[in-house]
Amino acid sequence: DTGVSQDPRHKITKRGQNVTFRCDPISEHNRLYWYRQTLGQGPEFLTYFQNEAQLEKSRLLSDRFSAERPKGSFSTLEIQRTEQGDSAMYLCASSLRLAGDEQFFGPGTRLTVL
Amino acid sequence: SQQGEEDPQALSIQEGENATMNCSYKTSINNLQWYRQNSGRGLVHLILIRSNEREKHSGRLRVTLDTSKKSSSLLITASRAADTASYFCATEGGSYIPTFGRGTSLIVHP
């Protein structure tokens with residue numbers, strides 16, 4: 001499968017725990033995006049990377065959220081001290097900037113905070 | 001904040017009918033994209049239309065863009081039960097950060 005993959009697909013955690021999600025983009029794509037999606041809403045942009053550079057992070061929801069893309073390939077999104085309000089689907093997408101901005105989405109990680 | 005707003009929020013039609021969804025936005029854009037999302041899944045890109053384009057086609061899909069009215073429409077012709085999904089528009093402005101609307105939930109009855 002040469003699409004965008006995300007791991008895990010589901011995560012159940014207790015309030016206060018830290019969680020980390022991984023996204024593997026399509027290999028030749030240099031842009032990688034993270035979104036959060038809650039029920040009945042569209043994806044909400046969180047942050048994005050151009051290769052290993054994080055170009056926009058002001059929309060991360062709080063300082064408990066952080067993302068990395070250390071070698072310009074896979075990326076991780078970490079949420080520290082999870083809260084029940086963090087329960088949502090976390091989506092990753094990648095794009096090849098020169099190809100006209102089409103984003104390819106992964107299947108998402110569904111987070112449930114108890 | 002959500003830039004694009006889809007209308008209607010929900011649409012229920014019979015197989016074979018056409019489905020039209022609209023997207024309105026507030027600020028100038030570089031491009032607008034339509035995506036489909038099946039329940040509990042990731043989004044699938046349908047069509048991208050740039051700000052200097054007025055209409056694009058892809059199979060049974062037709063997208064129009066009216067920048068003077070800051071609106072776009074997605075037409076699905078001869079709908080099928082498999083078209084049942086949520087449809088989102090996403091706009092990109094000068095920052096190239098995509099902003100999605102809340103989506104239109106389409107149900108196509110066989």
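Note that this is a predicted model, so its numbers are computed, not measured. Sequence lines set the chain letters: A, B, ... in the order given, protein chains first and strands last, and positions in each chain run from 1.
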Smallest separation among heavy atoms of Gly42(A) and Phe88(B), with atom names: CA-CE2, 3.3 Å
Phe104(A) versus chain B, heavy atoms under 4.5 Å apart: side chain, backbone, both or neither? neither
Is it the case that over 12 heavy atoms from other parts of the model lie below 6.0 angstrom from the CZ atom of Arg15(A)? no
Any chance you could measure Leu46(A), atom CG, to Ile97(B), atom CD1, to the nearest 0.5 Å? 11.0 Å
Is the number of heavy atoms from other residues, nucleotides or ligands under 6.0 Å of Leu39(A) CG greater than 12? no
Indicate, with yes or no, if the rings of Phe100(B) and Phe45(A) have centres closer together than 6.0 Å. no
If you draw a 6.0 Å radius around CZ in Arg54(B), do more than 12 non-hydrogen atoms from other residues or ligands fall strictly inside? yes
What's the spacing between Gln37(A) CD and Gln37(B) CD if we round to 0.5 Å? 4.0 Å
CD (Glu17(B)) with more than 12 external heavy atoms under 6.0 Å: yes
Report, as yes or no, whether the 6.0 Å neighbourhood of atom CG on Leu61(A) holds more than 12 heavy atoms from other residues, nucleotides or ligands. yes
Interatomic distance, Gln33(B) atom CD to Glu102(A) atom CD [nearest 0.5 angstrom]: 7.5 Å
Using every non-hydrogen atom in the two residues, find where Tyr35(A) and Pro98(B) come nearest and quote the distance to one decimal. OH-CG, 3.1 Å
Check this for me: Gln9(B), atom CD, are more than 12 non-hydrogen atoms of other residues, nucleotides or ligands nearer than 6.0 Å? no
side-chain contact (heavy atoms from CB on, under 4.5 Å) between Arg41(B) and Met89(A), worked out: CA-CA 9 Å; Arg41(B) 304 274 184 95; Met89(A) 176 78 88; over 6 Å; no
